[in-house]
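From a predicted model like this one, the values you see are computed outputs, not experimental measurements. Letters go in sequence order (proteins before strands), and every chain restarts at 1.
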Amino acid sequence: MASPNPSNDKSSQKAPAAKNESSITPRSVSYSDWYLDVIRQAELAEHSAVRGCMVIRPHGYSIWEKMQRELDDRFKATGHVNAYFPMFIPLSFLTREEQHAAGFAKECAVVTHHRLKAIDGVVQVDPDSKLEEPLVVRPTSETIIWNQYKNWIQSYRDLPLLINQWANVVRWELRTRLFLRTAEFLWQEGHTAHATEQEALEETAKMLDVYADFAQNVMAVPVIKGRKTPGERFAGALDTMCIEAMMQDGKALQAGTSHYLGQNFSKAADVKFLNREGKLEYVYATSWGVSTRLVGALIMTHSDDGGLILPPKLAPIHVVIVPIYRKDDEKERVFAEADKVKAELCAKGLTVKFDDRDNMQPGAKFYEWESKGVPIRIEIGPKDLDKGVLCLVRRFVLDQPGESVEDQRKRRKSFVPRAEAIEGIPTILAGMQKELYDRALAFRNSRTRIIDTIEDFERFFKQEGGGFAWVHWAGTGDDEDQMSKRFETTIRCIPLPDQIPSEAQGSGTCILTGKPSAQRVIMAKAY
RNA sequence: CGGGGCGUAGCGCAGUCCGGUAGCGCGCCUGCUUUGGGAGCAGGAUGUCGGAGGUUCGAAUCCUCUCGCCCCGACCA
């Protein structure tokens with residue numbers, strides 16, 4: 001499943017404790033192998049028979065469902081409603097907006113026929129079933145949605161129109177990676193229509209805030225809000241705002257975008273409304289989206305060499321109970337207690353799994369649930385029953401310098417009086433949620449530099465591992481390309497004013513051209 | 001589209017150079033013993049060797065064609 005060939009030199013570096021069972025390549029050996037191993041071991045997703053398309057397995061899909069719920073609640077709370085539009089877009093719709101069409105032209109799946117037929121005993125595309133107009137499988141839905149909005153919007157009283165869609169989209173990428181870039185992916189796309197530019201701009205910013213809030217408070221992933229340079233803008237947008245996160249290898253991941261589309265799409269679809277003054281005017285638009293790529297961001301932000309780590313707010317299972325027993329009478333007592341503990345925790349709104357499999361030893365269960373990222377494990381054995389305690393084991397504790405794996409394992413485990421344990425678990429989970437965020441933020445800070453010279457820039461990315469570089473920039477698009485060729489870095493975003501740390505504020509001179517620069521941008525290598 | 005790799009049991013692979021009864025590990029099934037950090041022993045089941053042609057007494061192996069996937073580049077959320 002992972003890389004077929006390098007397995008030889010890889011296996012020699014695997015954890016010595018692992019004997020027969022497949023394990024996870026340490027991050028220090030190969031970050032990309034580690035990423036794939038975590039996904040395989042946690043049973044999140046796998047490659048499908050279709051090139052570039054993944055199968056999202058139940059555990060991975062549960063995480064996505066949790067994300068959907070949290071996001072959807074936030075969309076509703078900001079006045080949006082859900083709807084659904086077709087996945088097929090007539091070619092002529094897509095080409096109505098020139099920039100947009102050009103931007104997606106190279107990655108479109110196109111439906112050209114509508115029927116199969118047995119020819120010489122072989123079932124194949126019936127050449128006689130050619131469509132008069134090809135249908136493009138949506139790479140994004142602006143054009144088909146705005147075609148419909150034309151019918152829905154006549155007056156300023158019809159505005160704003162605030163609609164979101166949960167859907168799949170297809171972008172025929174040549175290079176794919178599970179969750180991060182797949183030919184088909186799941187996402188949500190908001191498409192709003194407004195009477196004024198001001199209101200549309202506010203919507204664009206508001207939804208970016210929703211994404212940032214979700215990323216930081218639910219995913220525990222710190223992000224920087226900013227805008228893209230013209231070269232990195234969404235095809236057809238006047239302004240693209242984004243949130244950027246840093247992964248554990250120091251690379252940036254765009255975690256969400258919110259676009260101000262101006263009147264580009266309303267003009268393309270001819271959507272006008274009568275304003276209060278009785279004049280016809282084109283509608284102002286926004287669109288915004290996040291995708292299953294966020295699952296990849298989650299993995300790459302928090303997980304460790306033992307596998308997946310999930311923030312409790314997105315964990316499909318909060319607590320797993322592993323029973324320990326020898327004889328039948330022990331099993332009976334332990335199972336009865338496990339059922340009770342489970343019921344009491346469920347009553348607190350937690351999702352609890354009682355792992356009652358009899359064909360697997362406790363140790364094997366420990367490894368399995370840890371690699372799947374369950375935040376808390378409760379071991380229940382006869383000794384605990386006798387003492388009236390619960391054995392709580394956290395999925396992770398914060399690293400202490402020089403600590404051995406064994407010592408850390410001990411520190412993750414605690415024996416707590418039963419009532420106190422059950423009462424305290426929600427607090428522990430909340431603490432873990434916060435620790436994950438703080439840890440990720442501390443990591444990002446440790447890999448962030450304010451850089452003023454090309455020499456320092458080069459040293460940062462070529463010798464010090466790289467990360468986020470705050471640099472002054474006043475270059476052109478060509479200058480950006482030059483930086484990209486030399487250092488494999490791009491401008492991730494022009495941070496919003498309130499995102500800039502005090503030491504990075506103020507004007508200066510462009511790191512490449514020496515021209516005056518009003519503010520710093522973030523440069524990084526990116527996924 | 002260029003370069004590389006790989007298709008053999010559910011998964012991971014050996015066997016291919018040099019043609020001769022289809023193998024290994026894990027997993028799976030049965031039984032017994034185990035169970036607080038990846039269990040042990042014994043027995044058992046599992047294959048259109050990616051597909052199609054060809055050479056041959058005989059093809060996983062040689063030849064031709066073909067399909068697919070993965071990795072590296074160009075393109076991208």
Distance-only donor-acceptor pairs under 3.5 Å for side chains of residues 375-385 of chain A, two or more places apart:
from: A:Arg377; atom 1: NE; to: A:Glu379; atom 2: OE2; distance (Å): 3.2
from: A:Arg377; atom 1: NH1; to: A:Glu370; atom 2: OE2; distance (Å): 2.8
from: A:Arg377; atom 1: NH2; to: A:Glu379; atom 2: OE2; distance (Å): 3.1
from: A:Asp384; atom 1: OD2; to: A:Gly381; atom 2: N; distance (Å): 2.8

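Partners of A:Trp187 according to the ring-ring contact (aromatic ring centres under 6.0 Å, His included) rule, which considers only residues two or more places apart in sequence or in another chain, are A:Phe185. Partners of A:Trp34 according to the ring-ring contact (aromatic ring centres under 6.0 Å, His included) rule, which considers only residues two or more places apart in sequence or in another chain, are A:Tyr31.
Contact check, A:Gln361 against B:A39: a side-chain N or O comes under 4.0 Å of OP1 or OP2. Listed pair A:Arg175 / B:C75 fails the phosphate criterion, with no side-chain N or O lying under 4.0 Å from OP1 or OP2.
For the segment residues 374-391 of chain A, residues with any heavy atom less than 4.0 angstrom from an atom of RNA chain B are, sorted by number, A:Arg377, A:Glu379, A:Gly381, A:Pro382, A:Lys383, A:Asp384, A:Cys391. Annotation: proximity of residues 325-334 of chain A to RNA chain B (heavy atom, distance under 4.0 Å) is found for A:Tyr325, A:Arg326, numbered in ascending order.
Look at A:Arg27 and A:Asp249 and you find no salt bridge, because none of the NZ, NE, NH1 or NH2 atoms lies under 4.0 Å from a carboxylate O. The residues A:Lys327 and A:Asp329 are annotated as not salt-bridged, no charged nitrogen and carboxylate oxygen being separated by less than 4.0 angstrom. By the 4.0 Å N-to-carboxylate-O rule, A:Lys340 lies too far from A:Glu344 to be salt-bridged with it. With respect to the salt-bridge test (charged N to carboxylate O, under 4.0 angstrom), the residues A:Glu46 and A:Arg57 qualify.
Residue contacts shown for A:Phe234 are absent, as no nucleic acid heavy atom lies under 4.0 Å away.
Judged by distance alone with a 3.5 Å cut-off, a donor-acceptor contact links the side chain of A:Glu370 to the base of B:G37.
Rounded to whole Å, the distance from OH on A:Tyr527 to P on B:C75 is 19 Å. Residue A:Arg233 contributes atom CZ, which lies 14 Å from atom P of B:A77 at whole-angstrom precision. As a whole-Å value, the separation of A:Ile24 CD1 from B:G38 P is 17 Å. Distance CD (A:Glu107) to P (B:A77): 7 Å, rounded to an integer number of Å. A:Gln41 places its CD atom 12 Å from the C1' atom of B:C11, with the value rounded to the nearest Å. The OH-C1' distance, from A:Tyr367 to B:C26, rounds to 18 Å in whole Å. Distance CG (A:Asp33) to P (B:C70): 15 Å, rounded to an integer number of Å.
For the C1' atoms, the distance linking B:G25 with B:U66 amounts to 33 Å, nearest Å. Across B:U46 and B:G10, the matching P atoms stand 12 Å from one another, rounded to whole Å. B:G36 and B:A77: their C1' atoms are spaced 46 Å apart (whole Å).
Among residues at least two apart or in separate chains, ring-ring contact (aromatic ring centres under 6.0 Å, His included) pairs with a member in residues 217-245 of chain A are A:His100-A:Phe234, A:Phe104-A:Phe234, A:Phe234-A:His259.
Place A:Thr176 and A:Thr182 on RNA chain B by their nearest nucleotides, and A:Thr176 ends up nearer the 5' end.
Two rings, from A:Phe75 and A:Trp288, have their centers less than 6.0 Å apart.
Under 3.5 Å, the side chains of A:Ser484 and A:Arg486 contain no donor-acceptor pair of N or O atoms.
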